[in-house]
Q: 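Quick one: the structure is below, and I'll ask about it shortly.
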Amino acid sequence: MARREFAIEGMTCAACASRIEKVLNRLPGVQASVNLARETAVVQFPAGTLDDARIVEVVSKAGYAATPLLAADNHSLAQRQLAAYSQQRRWFAVSLLFTLPFVWEMLAMMLGWHDWMVPRLWQLLLSLPVQFIIGWRFYRGAFHALRGGGTNMDVLVALGTSMAWLLSAVVTLADWPEQAVYFEASAVVITLVLLGKLLEARAKGKTSGAIEELLRLSPKTARLERDGQLLEVPVASLQVGDRVVVRHGEIIPVDGDVLEGHASVDESMLTGESLPVSKTVGDRVYAATRNQDGMLRIVATSVGGKTQLAEIIRLVGEAQGSKAPIQRLADVISGIFVPVVVCIALLTLLLTGVLTHDWARALIHAVAVLVIACPCALGLATPTAVMVGMGNGARRGILFRNAVALETASASRHWWWTRPGR
């Protein structure tokens, strides 16, 4: 079986991840798993039956973008998640700036200070950029989801806030003073959803730091011995069979065998052993371990993405992307969550309108159902928890094979505290 990993752009909730999994698993022989927290998809298929272009095309038709991700791209993936956090922070700051007058207005209403209300025309102007510029991402996400034949959280956000804003705009422009307006509802909901997105991006960015820390263990340059001379070259240019010299205090750049010299090597990052290990001719050494004293001349046996460090980074990335057994329930619920919420909102609109004959009030009740369901942390909670757990473990030198092992570790802790005779 061939195995390929892709970076996925455009996912906003668990319904998106479930949608992509479904369209990929429809391909003959394909087993796909999409991780919302890492924004990646792992696709396994019989060798020779598919290529990257076909998988990218299928994901694109579903309304999302896929980019092949190599093992060496873990650095770029981590950087992308950190950049996403910075971007989310900027958008939230702008949205909060436009929303603060509405927050003040709501506080004034609670305190009975009706003289401090923001004029309706100003409310319209303040909410306009929040709804259609800052909130454009929700319209774009909803369009892609509906075009691909599915629904997601963006549909709820766009539908709920648009209904509240359009009703308020009509009331303001038609000058109906007896009818209330709800500009603050649309602006505050969008800002709060952005706050949720910001917290999600922060969690992803911090967890990506675990892989970043592992990557920083590897040196950028190495001393290559060629024709009796020592040349300082980028580690990425080294090949199997090259001879490198590692001096006192330097980090070993490759996996290899010692040809000459004697040294004490700190391998704690690899084995957890706190004491340095003596290395001499014929011994194996590993990339990212540190030569504490002495000098070693090494012949490279594994370089770049083939080293033990690269394998650890790959395993940490795969473990963060794996699914815990409890996530199956969340995936099932998330797949039907949005359609169910939309149906409940329509039912609320009809029943309230028929019973009270106040369709404006019925509309607001329907909007309330939609916007309350918008953040929906159900589908993101489990994969984010797995990412954080794996990342914290990696920073402390503990590597979990997959999410099943992480969930089992929790059960074993429970057994320890409840075992008889403790």
Side-chain angles (χ1 to χ4, degrees), residues 2-5 69-78 208-321 390-391 393-402:
R3 181 186 182 279
R4 299 289 288 138
E5 187 172 9
L69 187 65
L70 304 178
D73 288 337
N74 280 299
H75 179 74
S76 63
L77 179 61
S208 298
I211 294 181
E212 285 286 294
E213 288 178 14
L214 292 175
L215 288 166
R216 281 195 292 268
L217 294 174
S218 182
K220 299 295 185 292
T221 61
R223 301 181 188 277
L224 174 64
E225 186 180 49
R226 182 174 294 167
D227 299 329
Q229 295 183 341
L230 288 181
L231 306 174
E232 188 166 337
V233 300
V235 171
S237 66
L238 294 177
Q239 298 179 359
V240 174
D242 284 344
R243 297 188 178 193
V244 297
V245 174
V246 183
R247 297 174 179 174
H248 167 76
E250 294 181 344
I251 298 176
I252 298 174
V254 296
D255 290 358
D257 297 322
V258 178
L259 294 177
E260 181 183 339
H262 178 83
S264 296
V265 178
D266 179 6
E267 295 184 340
S268 58
M269 55 74 57
L270 192 66
T271 64
E273 174 58 59
S274 59
L275 297 177
V277 180
S278 178
K279 298 291 182 180
T280 187
V281 177
D283 289 340
R284 175 62 59 89
V285 292
Y286 300 95
T289 57
R290 183 180 293 276
N291 178 8
Q292 291 193 334
D293 63 71
M295 189 275 292
L296 296 175
R297 181 174 283 104
I298 303 166
V299 58
T301 57
S302 299
V303 298
K306 303 295 184 180
T307 64
Q308 195 75 14
L309 175 64
E311 181 68 10
I312 291 175
I313 293 172
R314 184 183 67 82
L315 290 175
V316 170
E318 287 184 2
Q320 286 183 333
M390 298 291 185
R395 278 192 288 270
R396 290 165 174 78
I398 304 171
L399 302 180
F400 292 91
R401 182 179 181 85
N402 49 39

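Keep in mind the model is a prediction, meaning the values are calculated, not measured.
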Q: So Val244 and Val254, side chain to side chain contact (heavy atoms under 4.5 Å, CB included) or not? Walk me through it.
A: CA-CA 9 Å; Val244 297; Val254 296; 4.0 Å; yes
Q: To the nearest 0.5 Å, how far apart are CD1 in Ile298 and OH in Tyr286?
A: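 Atom-to-atom, Ile298:CD1 and Tyr286:OH are 12.0 Å apart.
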Q: If you measure from OG1 on Thr289 to CD1 on Ile252, what distance do you get to the nearest 0.5 Å?
A: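 Rounded to the nearest 0.5 Å, the OG1-CD1 separation comes to 3.5 Å.
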Q: Go through the steps for Leu224 and Leu238 under the test side chain to side chain contact (heavy atoms under 4.5 Å, CB included), then give the verdict.
A: CA-CA 8 Å; Leu224 174 64; Leu238 294 177; 4.2 Å; yes
Q: Does Lys279 come within less than 4.0 Å of Glu267, counting only side-chain N to carboxylate O?
A: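 Yes, this pair counts.
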Q: Counting distance only, does the side-chain N/O of Asp266 pair as donor-acceptor with the main-chain N or O of Ser268 below 3.5 Å?
A: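 Flag set: sc Asp266 to bb Ser268 pair under 3.5 Å.
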Q: Apply the test side chain to side chain contact (heavy atoms under 4.5 Å, CB included) to residues Val285 and Asp255: give CA-CA distance (whole Å), side-chain angles for both, the deciding distance (0.1 Å), then the verdict.
A: CA-CA 6 Å; Val285 292; Asp255 290 358; over 6 Å; no
Q: Measure the spacing between CG of Asp257 and OG1 of Thr301 and express it to the nearest 0.5 Å.
A: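 Spacing of CG (Asp257) from OG1 (Thr301) equals 5.5 Å.
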Q: As a quick check of understanding, evaluate side chain to side chain contact (heavy atoms under 4.5 Å, CB included) for Arg223 and Arg247, giving each step before the final call.
A: CA-CA 9 Å; Arg223 301 181 188 277; Arg247 297 174 179 174; 3.6 Å; yes
Q: Do you know the tightest heavy-atom contact between Asn291 and Ala263?
A: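 Looking at all heavy atoms of both residues, the closest pair is OD1-CB, 3.2 Å.
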Q: Heavy-atom distance under 4.5 Å between the side chains of Val245 and Met295, does that happen here?
A: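 Of all side-chain heavy-atom pairs linking Met295 with Val245, at least one is under 4.5 Å.
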Q: Distance from Leu296 atom CG to Glu260 atom CD, nearest 0.5 Å?
A: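 Between Leu296 CG and Glu260 CD, I get 9.5 Å after rounding to 0.5 Å.
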Q: If I take atom CG from residue Leu231 and atom OG1 from residue Thr221, how far apart are they, to the nearest 0.5 angstrom?
A: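 Nearest 0.5 Å value for the CG-OG1 distance: 12.0 Å.
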Q: Calculate, to the nearest 0.5 Å, the distance between atoms OG and CG belonging to Ser302 and Leu309 respectively.
A: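 That separation rounds to 12.0 Å.
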Q: Below 4.5 Å, heavy atoms only, C-beta onward: do Arg243 and Leu259 meet side chain to side chain?
A: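 The answer is yes; the side chains approach within 4.5 Å.
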Q: Do Leu275 and Ser264 touch side chain to side chain, with heavy atoms closer than 4.5 Å?
A: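 A side-chain contact under 4.5 Å is absent here.
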Q: Just by distance, do the side chain of His262 and the backbone of Gly294 share a donor-acceptor pair under 3.5 Å?
A: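 Judged by distance alone, no pair lies under 3.5 Å.
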Q: Using every non-hydrogen atom in the two residues, find where Ile251 and Ala288 come nearest and quote the distance to one decimal.
A: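 Looks like CG2-CA, 3.5 Å.
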Q: Using side-chain heavy atoms (C-beta onward) and a distance below 4.5 Å, is Val265 in contact with Pro276?
A: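 Contact flag for Val265/Pro276 side chains = no.
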Q: State whether Glu225 and Arg297 are salt-bridged, where the test is any N-O pair (Lys NZ or Arg NE/NH1/NH2 against Asp/Glu carboxylate O) under 4.0 Å.
A: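 Salt bridge between Glu225 and Arg297, a charged N being under 4.0 Å from a carboxylate O: yes.
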